[in-house]
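For reference, the structure is listed below as structure tokens.
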Protein chains: 4
Amino acid sequence: MSSRDEKAAKRFGCSERERALFEAGIKMGTIYHQFVGTPVSAYNAAELEKAIEMSVMVQPFVESVKIKINLPAKEKKDTYDYVSLTGDMMDAVVVIRIEDVSVTAEMRYDTELDYPLMYVSEVSL
Amino acid sequence: MSSRDEKAAKRFGCSERERALFEAGIKMGTIYHQFVGTPVSAYNAAELEKAIEMSVMVQPFVESVKIKINLPAKEKKDTYDYVSLTGDMMDAVVVIRIEDVSVTAEMRYDTELDYPLMYVSEVSL
Amino acid sequence: MSSRDEKAAKRFGCSERERALFEAGIKMGTIYHQFVGTPVSAYNAAELEKAIEMSVMVQPFVESVKIKINLPAKEKKDTYDYVSLTGDMMDAVVVIRIEDVSVTAEMRYDTELDYPLMYVSEVSL
Amino acid sequence: MSSRDEKAAKRFGCSERERALFEAGIKMGTIYHQFVGTPVSAYNAAELEKAIEMSVMVQPFVESVKIKINLPAKEKKDTYDYVSLTGDMMDAVVVIRIEDVSVTAEMRYDTELDYPLMYVSEVSL
């Protein structure tokens, strides 16, 4: 741990485990609110998935991140056949690790809820 | 609690307290990544603060949110004297409540760290 | 005109009229890509309209801007009944003025095209 | 031209040449306001450039787009050594083509203006 990491850690009024849950939430908010609105079609969906993954990887405490963009079914007919990325189209799995604690958070469109739910699927220990 | 709230709660592999920390993180990520880049000057700073606060209030489990935008000191000289909102310019305090648990999360530019740190300042109980 | 305005004007390899059309396009892209994804419900829709208008007003050469957010019809039933702003929900009218030229640009969901079309409705002269 | 392209063209109260300038502006606003705020470091800068380029390519009338991200000089020291993408860090060149008209628009940080200027560098004909 660097000196700056130690100073940052002192700002927190909670346990390391609790911080890992907070950091997982930050990454979910980042994925959604940074990238929703991006123009996407079959041409660039795989590239955009990779770019989102790599941009989340540079944030603190991210062990892994996996993004899947589910495009609406439509035929390419003309100039206007692309869409803006929405939360409903994205599946995300992010694993956060702080020291010995790991948190897995997920986002996916929940058909039963009719809502792109972000949730914690697993906490270690 | 509605039926949909109950169904959503079952998706979580963690305690209510841990969920509150996760939700706090989501809101911090939302504030930062939705609004960074917005054109701002003395003309619209107060309005933008209020709009950010109200948009976070419509998200689940938010009890209160307070935003302060700190504009760089500069004189209005011409057409180009406005800025794009950056994380360094924002102070945020968000209180999340789920049942009996409340979490206070903050974001502010930390001069010692030279970084706009998001942190948990308080967890109830 | 300030000295900085004059210097900026020299960077352009086109007429003032053509620049006004370019500036109108920039503002449309700003409205869409800055604000799509923002959490919105009946609680904050009017506030968000005003905040978008005022943030576009601080950009160069904007004479007026009018935003209308059309919320999907749904009853407030529970925690999850808000939406993320999409381009399909927004009507925008922006008037750009550079010297004697004025350009009116609009964005609205075009039902015939099934697309949130941005277009130039009027150019002066 | 598809039937939808023809219908969209009829919405415009300006020439094809003028529309090309408007479309160029839209793309500049998209690049700036969609991606400013994205976490970036040496690890993902090239990937992010490519993802921005490809997402602009799926928008209407884009012939080519080139993005260059100029990272601030800093050593990787700890967890917090990444930045959020700002307009000042981006160079963009976009070529729009509608029928026989091509427009080249650019964005780069202009040191003389101290501003990330978007401008039209060339219009054909």
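Every chain is numbered from 1 and lettered A, B, ... according to where its sequence line falls, protein lines coming before strand lines.
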Can you list every pair that meets side-chain hydrogen bond (donor to acceptor under 3.5 Å, both in side chains) and has a residue in residues 38-47 of chain D, with sequence neighbours left out? A:Gln34-D:Thr38
Which atoms of [X] come close to chain C, meaning under 4.5 Å heavy atom to heavy atom: side chain ones, backbone ones, both, or neither?
{"X": "D:Met28", "answer": "side chain"}
{"X": "D:Tyr32", "answer": "neither"}
{"X": "D:Ser121", "answer": "backbone"}

Could you tell me whether a side-chain N or O of D:Glu106 sits under 3.5 Å from a main-chain N or O of D:Ala92, the two making a donor and an acceptor? no
Any side-chain to backbone donor/acceptor pair from C:Arg17 onto C:Ser124? Under 3.5 Å, distance only. yes
Using the side-chain contact (heavy atoms from CB on, under 4.5 Å) rule, take C:Val65 and C:Met54 through it: C-alpha gap first, then chi angles, then the decisive distance, then the call. CA-CA 8 Å; C:Val65 51; C:Met54 288 182 75; over 6 Å; no
Contact winner vs chain D - C:Glu23, C:Glu122, C:Met118, heavy-atom pairs under 4.5 Å: C:Met118
Relative to chain D, which of C:Gly29, C:Gly37, C:Cys14 shows the most heavy atom pairs under 4.5 Å? C:Gly29
Could you walk me through whether C:Val103 and C:Val95 pass the side-chain contact (heavy atoms from CB on, under 4.5 Å) check? CA-CA 6 Å; C:Val103 171; C:Val95 180; over 6 Å; no
So if I take each residue of residues 107-115 of chain C and look for any heavy atom under 4.5 Å from a heavy atom in chain D, which residues do I end up with? C:Asp110, C:Glu112, C:Leu113, C:Asp114, C:Tyr115
Answer yes when C:Lys10 and C:Glu6 have at least one side-chain N-carboxylate O distance shorter than 4.0 Å, and no when they do not. no
Flag this pair as yes if the NZ/CZ of C:Arg11 is under 6.0 angstrom from the six-membered ring centre of D:Tyr119 and inside a 45 degree cone about the axis; otherwise no. no
Working note: D:Lys66 + D:Glu49, criterion salt bridge (charged side-chain N to carboxylate O under 4.0 Å, His left out); need CA distance, chi angles, decisive distance, verdict. CA-CA 8 Å; D:Lys66 184 68 194 162; D:Glu49 291 169 351; 5.7 Å; no
